[in-house]
Each structure stands twice: as structure tokens, then as C-alpha cells.
Amino acid sequence: MRRLAGLLAVPLLLLSTAACGTEEKGSETAAMTNGLPAITAGAKFGEKPTLAKGEGDPPKELKVNVVSEGKGAVTKKGDALQVNYLGQAWDSTTPFDNSFDRGRPFDLTLGAGQVIKGWDQGLEGQKVGSRVEIGIPPELGYGAQGQGDIKPNATLVFVVDILKATTIPKAASGTEVAQENKDLPKVGTNTDGKAPSLTVPKTDEPAKLVSNYVIEGKGEAVKSTDTLTVQYKGVLWKDGKEFDSSYARGGVPATFQLAGVIPGWSKGLEGKKVGSRVLLVVPPADGYGDQAQGPIPAKSTLVFTVDILAKQ
């Protein structure tokens with residue numbers, strides 16, 4: 001679901017409760033329900049929905065309808081969510097994407113900027129077990145650029161089933177493990193939610209992948225098929241320069257499928273316990289190899305500190 005994740009990445013605005021046409025006469029028709037396209041089939045939670053084409057002018061602000069309210073916890077910023085969804089343009093009868101056909105829910109961290117603003121805002125404050133319909137104006141979606149089959153300045157309509165929400169701890173928690181090898185980087189052991197220190201020694205980098213506990217948690221072991229929620233920081237071995245960090249993006253954790261990351265992460269985190277802080281030293285063969293990647297030069301050895309906060 002890389003396409004939705006790419007589509008949905010933007011900063012957070014306050015959720016606007018104002019909506020175009022909510023109380024207007026004529027907002028209820030065979031094709032419209034409370035100002036948004038009607039679900040004409042598959043209306044129940046868990047069923048793949050079918051959406052009518054929008055009628056009239058689309059809402060100019062974020063519009064959220066609770067189709068059916070669940071009985072679970074209320075979602076909040078920083079939660080790891082698992083959802084099913086279907087997305088369609090306002091002026092279309094054909095979905096541009098949906099998770100129901102793939103048979104696998106979509107995972108995200110709410111408020112982390114992993115998805116479009118309309119999702120981060122529209123899903124916050126909803127109860128687990130709810131089905132919501134969200135009308136998203138262009139500025140909270142893909143804007144003037146569009147995305148693939150989504151035209152520029154398109155208003156989007158999503159039906160989203162909120163399957164699960166996990167409250168994420170702020171840091172690793174467990175037993176500190178001695179870091180005695182002077183030839184390996186040293187990682188800080190603070191558990192206050194701030195980025196730990198990460199100091200690279202002035203020695204030759206190891207030729208093979210290193211995956212060591214810094215703090216050993218007490219949770220379940222990570223499996224290759226899991227979706228993880230983590231805090232992390234990455235630096236280059238050659239100069240210790242930071243190239244990526246979830247802490248630097250407002251401290252909101254990242255959520256990803258372990259099978260979808262570089263081999264150094266998938267191999268290095270598999271088998272480690274939830275709640276742990278792990279040092280990863282990733283040689284080029286398990287990282288980006290001969291290809292440069294943004295601020296990462298080709299053939300770079302990478303060093304990470306990773307807090308495994310939750311898994312799904």
C-alpha cells in the first residue's frame with residue numbers, strides 16, 4: 001500500500017467540524033447521505049462498500065460521517081491503527097484503491113504524517129470498531145499535483161473501518177544490556193522518549209550485520225510477517241552524521257511491515273522482543289548497496305538505534 005502511504009503524507013491541521021451541506025435541504029437523496037456519497041452496497045462494518053458518485057458541489061472542508069459507531073477506545077494521535085478502506089474520487093463511480101481486495105489491512109501511526117492530512121485528521125477521535133466515511137478536499141489530499149489515477153484538485157471520499165488501535169509507549173523498557181565491545185557504536189539508555197545518543201567509534205566498520213540488545217524488553221518476539229511501530233535514529237558509520245530519525249519528525253513513531261524494509265532491518269529485528277532497544281549496524285549488502293539514497297552515499301555502512309514499541 002505504498003501508493004496510499006505516499007498519497008497521505010503531509011503536516012497536521014486541526015480537525016474542522018464544519019461541513020458543506022450537512023444540514024442543507026436536499027442533502028439526503030438516493031445518491032447522497034448527510035452530504036457525502038451514499039454507500040449503495042456493503043454498508044456493514046467489514047464488508048467491501050460500494051459508493052455512489054457525488055452529486056452537486058463537494059464539501060470545501062473536511063467532512064466526516066460516522067456510518068456505524070464501534071464500542072472500542074477512542075483513537076488519538078500517536079496510536080498505531082489498523083484499518084480497511086476504500087477510496088474514490090467525488091466525481092467517479094470507480095474506486096482508485098482499496099484494502100478489501102488485498103485481504104490485508106493497512107497499518108499507520110495516527111498523526112505521523114504517513115498518510116494525507118485528511119486521514120490523520122478524520123480518523124482522530126473515532127472509536128475502534130467504527131466505520132467512517134470521510135470527504136477530503138484537495139488541500140487535505142493530493143492537492144494540485146494529483147497522484148496516479150487521482151486527478152489534480154480532486155475531492156476524495158474514503159470509507160474506513162477502524163479495526164484496531166494500539167497505544168504506543170514512549171520508549172523501550174526492560175533490562176539494560178552491557179555494551180562492552182569497543183569496536184561497536186554505543187547507544188544511550190534513556191527512556192524518557194527523547195532520542196538516545198548514538199556514538200560511532202573511529203574503527204573499521206564490521207563486515208557483517210550486527211543486531212544487539214541495548215535494552216531487552218519483555219514482549220513477544222518479532223516475526224517476519226509482523227507490522228512494527230518503532231522509534232529510530234540512523235547515522236552514517238563514516239562520520240556519524242544523522243540521515244534519518246523519527247524523533248526529529250515530532251517524536252511520532254513510524255509503522256511499517258517488517259517484510260518491506262531493507263534486509264538489515266528485517267533480518268536484524270526478527271526475533272527481537274517488543275519493548276527492546278536494538279543497535280543495528282548494517283553493511284552495504286544489507287542496506288542500499290551500490291545505490292545512493294538521498295543523504296546516504298553509495299556503499300555506506302549504516303548505524304541505527306531502534307526502539308521496538310509495538311507489533312501487529
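Not measured: the values here are computed from a predicted model.
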Test of understanding: with side chain to side chain donor-acceptor pair (under 3.5 Å), list the residues that count as partners of [X], not counting sequence neighbours.
| X | answer |
| --- | --- |
| Glu133 | none |
| Thr229 | Thr255 |
| Glu216 | Lys273 |

query: In chain order, what residues pass the side-chain contact (heavy atoms from CB on, under 4.5 Å) check against Lys223, with sequence neighbours excluded?
result: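 For Lys223, the residues satisfying side-chain contact (heavy atoms from CB on, under 4.5 Å) (neighbours in sequence not counted) are Thr225, Asp226, Lys311.
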- request: Would you please name every residue forming a ring-ring contact (aromatic ring centres under 6.0 Å, His included) with Tyr213, sequence neighbours left out?
  value: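 None.
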message: My understanding is that only residues two or more places apart in sequence, or in another chain, count here; which of them pass ring-ring contact (aromatic ring centres under 6.0 Å, His included) with Phe100?
response: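 In terms of ring-ring contact (aromatic ring centres under 6.0 Å, His included), with neighbours along the sequence ignored, Phe100 is linked to no residue.
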Main-chain N/O of Tyr247 paired to Ser245 side chain as donor or acceptor, under 3.5 Å: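 Checking the backbone N and O of Tyr247 against the side chain of Ser245, a donor-acceptor pair under 3.5 Å is found.
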query: So which heavy atom on Ile308 is nearest to which on Val222, and how close?
result: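 That closest heavy-atom pairing would be CG2-CG2, 4.1 Å.
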Of all pairs that satisfy salt bridge (charged side-chain N to carboxylate O under 4.0 Å, His left out), the ones with a partner from [range], not counting sequence neighbours:
| range | result |
| --- | --- |
| residues 245-272 | Asp244-Arg249, Lys267-Asp286 |
| residues 153-164 | Arg131-Asp161 |
| residues 291-310 | Arg277-Asp307 |

- request: Taking atom NZ of Lys53 as the centre, report whether more than 12 heavy atoms of other residues, nucleotides or ligands fall under 6.0 Å from it.
  value: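 12 or below, so no.
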Other residues, nucleotides, ligands: >12 heavy atoms within 6.0 Å of Asp204 CG: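 No, CG of Asp204 has 12 or fewer neighbouring heavy atoms, counting only those of other groups under 6.0 Å.
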field: Inter-residue atom distance Leu156.CG - Ile136.CD1, 0.5 Å rounding
entry: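 Between Leu156 CG and Ile136 CD1, I get 6.0 Å after rounding to 0.5 Å.
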- request: Could you please spell out the steps behind the side chain to side chain contact (heavy atoms under 4.5 Å, CB included) verdict for Leu81 and Gln312?
  value: CA-CA 9 Å; Leu81 299 190; Gln312 297 178 356; over 6 Å; no
message: Checking Trp119 against Val83 for the side chain to side chain contact (heavy atoms under 4.5 Å, CB included) test, could you report, in this order, the C-alpha distance in whole Å, the side-chain angles of both residues, the deciding distance, and whether it holds?
response: CA-CA 11 Å; Trp119 266 51; Val83 304; 3.9 Å; yes
message: As a quick check of understanding, evaluate side chain to side chain contact (heavy atoms under 4.5 Å, CB included) for Thr94 and Asp149, giving each step before the final call.
response: CA-CA 11 Å; Thr94 304; Asp149 295 335; over 6 Å; no
Scan the side chains in residues 35-49 for donor-acceptor partners under 3.5 Å anywhere in the protein, sequence neighbours excluded, and list what turns up.
unit_1 : atom_1 : unit_2 : atom_2 : d
Thr40  : OG1    : Thr50  : O      : 3.3
Glu47  : OE1    : Ala43  : N      : 3.4
Glu47  : OE1    : Lys44  : N      : 3.2
Lys48  : NZ     : Asp101 : OD1    : 3.1
Lys48  : NZ     : Asp101 : OD2    : 3.0

message: Per the ring-ring contact (aromatic ring centres under 6.0 Å, His included) rule, what does the pair list look like for residues 269-308, sequence neighbours excluded?
response: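 Matches after skipping sequence neighbours: Phe243-Phe304, Trp265-Phe304.
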Just list the side-chain donor-acceptor pairs under 3.5 Å for residues 68-76, sequence neighbours left out, or say none.
unit_1 : atom_1 : unit_2 : atom_2 : d
Thr75  : OG1    : Leu123 : O      : 2.6
Thr75  : OG1    : Gly125 : N      : 3.0
Thr75  : OG1    : Gln126 : N      : 3.2
Thr75  : OG1    : Gln126 : O      : 3.2
Lys76  : NZ     : Asp79  : OD1    : 3.1
Lys76  : NZ     : Thr167 : OG1    : 2.9

